[in-house]
Each structure stands twice: as C-alpha cells, then as structure tokens.
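Heads up, the thing below is written out as structure tokens.
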Amino acid sequence: SNTTGVKNAQPDSRMRRPLAYRLSSAAWMSLFWKIVRFVLLLGLCYIILYPFFIKTINAFKSLNDFLDPTVRFIPKNFTLDNVIKVITEMNYFKALGNTLVIAVVVSVSQALISALSGYGLARFAFWGNRFLFGLVVFSIIVPPGTIIIPFYLKFRDFLGLFNLLDTPLPIFILSLTGYGLKNGLFIFLFRQFFKNSPKELEEAAALDGCGAWKTFFQVMLPSAKSLIVITLLLSFSWQWTDTIYSSLFLIDFPVLSTAMSRISGS
C-alpha cells in the first residue's frame, strides 16, 4: 500500500512532458528573437559607423595609399600630414570654438523663444492669433534659400548704420526673433504641446497668486522638459552643420562649416 501511495504521489511523466516542452520552446523562441535583434542592431551600427570609420582611416593615409588599390582599410604608410594640414589650413581650434559658442547661444535662444511663442499662441486668445500661427507654418514650408538675398541686404546695411556681415550677430538676431534655422518647427511643436496641456495647472497657479510670467516659468516650462531637450539637441546639431546662414553671414568668420567648404573648394 505504501508503494502504491508513493507511485500515486509522483506526477505522471506524460503530464510533465508538455510543460517541459512548452518551457523549452519558449526559451528557444526568446533566444531566437534575441539573435534577430542583435543582428539588426549590428547591421544598423555598421551602416551608421562605417562612414565614420572610413573617414578616420583615410585621415592617416598617404597619397600613395590612396593611389594603391590594394590598400583598403589599414594604411601601409601611416602619416599625420593630412591632420596637420587640415588643422593649420582651416584654423581648426578657433573655428571649433566659434562654432561651439554660436551653436550653444542659438540652441538656448531658440528653445526659449520657441517656448514663449508657442505658449502665447496656444494659451492667449488675441486678434491675429491664427494669422500668426499661419505665418509660423508658412516659415516651415518656405525654404531658407528663397529669402537669403533679402537677409543679406538687410544685415549688410542694418538699420542704415551697421554692417553686421562676418559676425555672428545676424544669426543671433534671427534666433532671438523667432526666425532662426528651423525655428518655425520648434514654435509649432511647443504650440501643440501647450495646447494639449491641462488647463488645471494654470488655474491652480492662478489660485496661488501666479501671474502669466510666473505661471509660464514655474509651471508650464518645467512640464515641457522633454520637448526642451529635443529642441536644444536638434537646434545645436542643425546649427553645428549649417551651411546656409553660415556661408551667407560668416564669409570670413572662421566656423567649421565654412572652413571645410573653403578647404574642399581649394
């Protein structure tokens, strides 16, 4: 009887087999999708990093390596002449500093002006609100190349007194007035964000005695942290690689984009 009880207490192997099979199949499927994700990420990393890798390798190749068809990745005659020539010809460190200062100032000013403009268009009902928003959308549609000549003429004789060309002031003025590079897109994003924000936040701030400015800076602006970060990153990267406004206003002012174009042109 004891033997029979022990046998009855043990689970049947036929009952355990489907569960073990299911666990093993789930584990295999999990491993399969991990391999698929790894292969996809590896392929994307290759596509993104391959041009950077090739340019880095080419920077240390000599002229003979470029002419030698057998040299593809590892240079036979390692040299620093290309790097030294680029640094000296384009005044690299000065251009790097100027580009960094301009990109930081433009990104911060665009984020602030876009947030203010977007909040005003989203929350304040005034005459011409929709018309101004239409102009913002229109500024996104119109390519910058169609208005570079009026900009050039305006800043060459700014207010009939100053020539602001070859200085970063035109770029700063455009950013502070909401017409910098891609500024219309940022205003549009902030306007849509604040328009969909709950009004209860502003009502609670008004009950606490906050005015419009205090409500914006202490309540609404902190709620848009993610959008502010996106605006700062996009504005910084677009200004860093800008060739439209930089080539128009900064002809002899050393920045990386114009310095690179001069070297490639020569």
Side-chain angles (χ1 to χ4, degrees), residues 38-111 143-145 148 151-152 155-156 163-175 180-183 185-186 228-266:
F38 175 76
V39 172
L40 289 176
L41 290 175
L42 187 64
L44 290 174
C45 291
Y46 173 79
I47 294 173
I48 295 172
L49 296 178
Y50 180 77
F52 176 77
F53 174 75
I54 291 298
K55 288 182 178 295
T56 304
I57 293 298
N58 289 342
F60 302 104
K61 287 182 180 180
S62 64
L63 180 60
N64 293 330
D65 291 333
F66 283 107
L67 298 177
D68 191 351
T70 61
V71 178
R72 187 171 182 181
F73 294 115
I74 301 176
K76 291 182 179 179
N77 303 308
F78 185 86
T79 180
L80 294 174
D81 293 341
N82 299 324
V83 178
I84 296 173
K85 184 176 180 180
V86 167
I87 291 175
T88 55
E89 289 290 333
M90 66 183 296
N91 199 359
Y92 178 78
F93 293 107
K94 186 176 181 180
L96 176 65
N98 293 336
T99 306
L100 182 62
V101 171
I102 293 174
V104 169
V105 173
V106 167
S107 60
V108 173
S109 60
Q110 280 192 339
I148 57 175
F151 278 164
Y152 179 83
F155 288 110
R156 188 182 63 178
N163 181 10
L164 300 183
L165 299 180
D166 290 330
T167 67
L169 290 178
I171 298 177
F172 295 159
I173 292 173
L174 290 176
S175 300
L181 192 64
K182 309 289 186 180
N183 222 147
L185 175 62
F186 300 140
I228 292 172
V229 172
I230 293 173
T231 302
L232 289 172
L233 292 176
L234 290 178
S235 177
F236 183 90
S237 62
W238 285 336
Q239 182 59 46
W240 186 273
T241 58
D242 170 54
T243 57
I244 299 175
Y245 288 166
S246 297
S247 60
L248 178 66
F249 302 127
L250 308 175
I251 302 173
D252 295 324
F253 190 82
V255 291
L256 290 179
S257 57
T258 57
M260 289 293 293
S261 62
R262 283 197 296 268
I263 288 181
S264 60
S266 62

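The structure displayed is predicted, hence computed values, not measured ones.
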Minimal heavy-atom distance between Thr167 and Leu250, with the atoms involved, is O-CD2, 3.2 Å
Do the non-hydrogen side-chain atoms of Leu165 and Phe253 ever get within less than 4.5 Å of each other? no
- pair Leu174-Phe151: side-chain heavy atoms closer than 4.5 Å: yes
For Leu164 and Ile173, the nearest pair of non-hydrogen atoms, with its separation, is CD1-CD1, 3.9 Å
**Prompt:** How about Phe172: does its CZ atom have over 12 heavy atoms from other parts shown lying under 6.0 Å from it?
**Reply:** yes
Rounded to the nearest 0.5 Å, the OG1 atom of Thr231 sits from the CZ atom of Phe236 at a distance of 14.5 Å
| field | Flag side-chain contact, heavy atom, 4.5 Å: Phe66 against Asn58 | value | yes
Tightest non-hydrogen contact, residues Ser107 and Ser235, listed as CA-OG, 3.2 Å
Between Phe249 and the options Ile148, Asp166, Ile171, the side chain to side chain contact (heavy atoms under 4.5 Å, CB included) test singles out Ile171
Practice prompt. Would you mind reporting whether Thr241 and Thr243 have side-chain heavy atoms less than 4.5 Å apart?
Written response: no
d(Leu49 CG, Ile54 CD1) to nearest 0.5 Å is 11.5 Å
TODO: Kindly indicate whether the side chain of Pro75, heavy atoms from C-beta on, has any atom under 4.5 Å from the side chain of Ile57.
DONE: yes
Problem set entry | From CA spacing to verdict: side chain to side chain contact (heavy atoms under 4.5 Å, CB included), Tyr46, Leu42 | CA-CA 6 Å; Tyr46 173 79; Leu42 187 64; 5.9 Å; no
| query | Is the number of heavy atoms from other residues, nucleotides or ligands under 6.0 Å of Ile84 CD1 greater than 12? | reply | yes
For Ser247 and Ile251 the tightest heavy-atom approach is O-CG1, 3.8 Å
Original post:
Any donor-acceptor pair under 3.5 Å linking the side chain of Ser175 with the backbone of Ser109?
Top reply: no
Problem set entry | Val71 and Lys61: CA distance, side-chain angles, deciding distance, side chain to side chain contact (heavy atoms under 4.5 Å, CB included) verdict | CA-CA 9 Å; Val71 178; Lys61 287 182 180 180; 4.1 Å; yes
When every non-hydrogen atom of Leu181 is compared with those of Tyr245, the smallest separation belongs to N-CE1, 3.8 Å
Start with the C-alpha gap between Leu100 and Trp240, add the side-chain angles, then the distance that decides, and say whether side chain to side chain contact (heavy atoms under 4.5 Å, CB included) holds. CA-CA 7 Å; Leu100 182 62; Trp240 186 273; 4.0 Å; yes
Only residue of Leu185, Val106, Leu233 satisfying side chain to side chain contact (heavy atoms under 4.5 Å, CB included) with Trp238 is Leu185
Consider only side-chain N and O atoms of Asn82 and Lys85, and report whether a donor and an acceptor are under 3.5 Å apart.
-> no
Tell me if a side-chain donor or acceptor on Gln239 pairs with a main-chain N or O of Gly180 at a distance below 3.5 Å.
no
Heavy-atom closest pair (Ala111 atom, Leu232 atom, distance to 0.1 Å) is CB-CD2, 3.8 Å
Students often mix this up, so state it plainly: with edges at 30° and 60°, are the rings of Phe78 and Phe60 parallel, tilted or perpendicular? parallel
